[in-house]
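Quantities reported herein were computed from a predicted structural model and do not represent experimental measurements. Counting begins at 1 with the first residue of the sequence.
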Amino acid sequence: MTLSARELGFRYPSGGGVEALDLDVAPGEIVGILGPNGSGKSTLVRLLSGVLPPATGEVRLGGVPLGALSRREIARRVAVVPQEPSFELPFTALEIVLLGRHPHLAGIAFEAASDLEAARAALARVDASALAERPVGSLSAGERQRVMVARALAQSTPVLLLDEPSSFLDLRHQVELFDLVRALAAEGRAVAAVLHDLNLAAEYCDRVVLLADGRTAAAGPTAATLTYAHLTRVYGTEVYVDVNDLTGTLVVTPLSGRARARLAADSPRPPAAPRA
Ligand SMILES: Nc1ncnc2c1ncn2[C@@H]1O[C@H](COP(=O)(O)OP(=O)(O)OP(=O)(O)O)[C@@H](O)[C@H]1O
Ligand SMILES: [Mg+2]
């Protein structure tokens, strides 16, 4: 199911928001949504999932406008891993994941054995089976993040929206999560992922959109878009872009103040004026 947005715009009373955003995510692909803090990435995710109604433009799911679908119909099609999940309720990890099954239940029916099975399978896919009975409030940040991914998996939707799903994950769990996301895309899901880690984006995203001040600053195939010029301009800090000679993937390293000073000192100086 293709997710597409045209001319999306939304403004908070604070003045922040997004403007004139176009985005298409087709089955089988992972599209990265990148950009600095406050550039509108989470706002875009909220608009794409129908949590926020757009002020301008439209989101379509498989050609159907989001506005024509009920919350429940949207939840059967789109699963979201939010950037800041709230965990005030005293649920266990398994109960949180089971919530992901609710859009599939008839009326106010209780979960069936198959829903429990789907929830346990989802926890297993993110290496979180051992956390099933733990209250989510007692989990570490990375453990909680994996439980939220499991909830989205249990929802078994054709579209997945991930807002910084790996920000708290250790190296192994980052790779395992994105290998899993890659496998889900290969099965035919359409995935959009907000990422701050440009190296993960370079490795896993087919295409990326770089946001700046709520607008698209650059968009296209990952390697052609994550360039020195685009990144330095959009993030407002200098980066070094190289190619990993093992994988051929781009490697992006931010340049520290010390590195920039060394570069400036090493760069050729104009020849000294001849002495009189
Ligand atoms: N609930 C809100 N009320 C008012 N302003 C908001 C709200 N949420 C976001 N904003 C503002 O809208 C702009 C975009 O915010 P958004 O959360 O989409 O940024 P982001 O790209 O996800 O940033 P980050 O990388 O920090 O998660 C920011 O200027 C932010 O301050
Ligand atoms: Mg955000």
Side-chain angles (χ1 to χ4, degrees), residues 1-3 25 27-28 30 45-46 48-51 59 61-62 64 66 68-166 168-169 173-174 176-194:
M1 182 175 286
T2 297
L3 173 71
V25 190
I30 304 176
V45 167
R46 290 183 205 120
L48 294 175
S49 58
V51 171
V59 178
L61 272 174
V64 181
L66 267 196
L69 299 168
S70 68
R71 289 266 6 124
R72 191 180 167 82
E73 287 170 324
I74 295 173
R76 284 184 187 161
R77 292 163 175 78
V78 182
V80 185
V81 176
Q83 182 174 11
E84 284 164 356
S86 51
F87 282 113
E88 287 100 47
L89 298 170
F91 284 133
T92 66
L94 182 62
E95 286 162 347
I96 288 283
V97 177
L98 262 176
L99 288 177
R101 297 300 306 161
H102 275 229
H104 298 284
L105 304 182
I108 52 159
F110 289 103
E111 303 90 4
S114 59
D115 295 309
L116 200 59
E117 208 172 291
R120 288 200 182 277
L123 278 171
R125 287 190 90 169
V126 296
D127 188 31
S129 296
L131 308 175
E133 311 306 330
R134 295 266 306 275
V136 280
S138 76
L139 300 178
S140 79
E143 290 169 341
R144 214 167 349 187
Q145 206 160 32
R146 274 152 45 214
V147 169
M148 290 311 290
V149 172
R151 186 181 78 155
L153 292 180
Q155 217 170 315
S156 46
T157 55
V159 178
L160 262 179
L161 301 178
L162 312 169
D163 196 346
E164 297 187 37
S166 58
F168 294 114
L169 300 189
H173 286 111
Q174 281 179 18
E176 287 183 0
L177 172 64
F178 275 96
D179 281 349
L180 171 61
V181 170
R182 176 47 68 218
L184 295 170
E187 287 169 14
R189 285 181 179 76
V191 184
V194 174

Holding to side-chain hydrogen bond (donor to acceptor under 3.5 Å, both in side chains), I want the full list of residues that pass it with [X], two or more places apart in sequence or in another chain.
| X | value |
| --- | --- |
| His104 | none |
| Glu164 | Gln83, His196 |
| Glu84 | none |

Listed pairs under 3.5 Å, donor-acceptor, residues 177-184 side chains, sequence neighbours left out:
residue : atom : partner : partner atom : Å
Asp179  : OD1  : Tyr204  : OH           : 2.7
Arg182  : NH2  : Tyr204  : O            : 2.8
Arg182  : NH2  : Asp206  : OD1          : 3.1
Arg182  : NH2  : Asp206  : OD2          : 3.4

I'd like to check the salt bridge (Lys or Arg N to Asp or Glu O under 4.0 Å) partners of Arg46; sequence neighbours left out, ordered by chain and number.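 Here no residue qualifies.
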Kindly say whether [Y] contributes a backbone atom to a donor-acceptor pair with the side chain of [X] at under 3.5 angstrom?
| X | Y | value |
| --- | --- | --- |
| Arg189 | Ser156 | no |
| Arg146 | Asp127 | yes |
| Gln155 | Pro103 | no |

Would you list the pairs meeting salt bridge (charged side-chain N to carboxylate O under 4.0 Å, His left out) in which at least one residue belongs to residues 95-106, sequence neighbours left out?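 Residue pairs passing salt bridge (charged side-chain N to carboxylate O under 4.0 Å, His left out), neighbours aside: Arg101-Asp115.
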Not counting sequence neighbours, list each pair that qualifies as a salt bridge (charged side-chain N to carboxylate O under 4.0 Å, His left out) and has a residue in residues 74-83.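 Those involving residues 74-83 do not exist here.
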Identify the two heavy atoms, one from [X] and one from [Y], that lie closest to each other, and give their separation to 0.1 Å.
| X | Y | result |
| --- | --- | --- |
| Met148 | Val81 | O-CG2, 3.8 Å |
| Thr157 | Ala75 | CG2-O, 3.4 Å |
| Ala150 | Ala122 | O-CB, 3.3 Å |
| Leu48 | Val59 | O-CG1, 4.0 Å |
| Ala118 | Ala154 | O-CB, 4.5 Å |

Tell me which donor-acceptor pairs under 3.5 Å the side chains of residues 133-143 have, and how far apart each pair is, sequence neighbours excluded?
residue : atom : partner : partner atom : Å
Glu133  : OE2  : Arg120  : NH2          : 3.4
Arg134  : NE   : Ser138  : OG           : 3.4
Arg134  : NH2  : Ser138  : O            : 3.1
Ser138  : OG   : Pro135  : O            : 2.8
Ser140  : OG   : Glu143  : N            : 3.2
Ser140  : OG   : Glu143  : OE1          : 3.4
Glu143  : OE1  : Ser140  : N            : 2.9

Among residues at least two apart in sequence or on other chains, which ones pass side-chain contact (heavy atoms from CB on, under 4.5 Å) with [X]?
| X | value |
| --- | --- |
| Ser114 | Ala112 |
| Gln145 | Ser167, Phe168, Leu169 |
| Ala192 | Val25, Ile33, Leu161 |
| Glu117 | none |

Would you call [X] and [Y] a side-chain contact if the rule is heavy atoms closer than 4.5 Å?
| X | Y | result |
| --- | --- | --- |
| Leu123 | Leu131 | no |
| Phe91 | Leu98 | no |
| Val45 | Val194 | yes |
| Val191 | Leu162 | yes |
| Leu61 | Val159 | yes |
| Pro27 | Thr2 | yes |

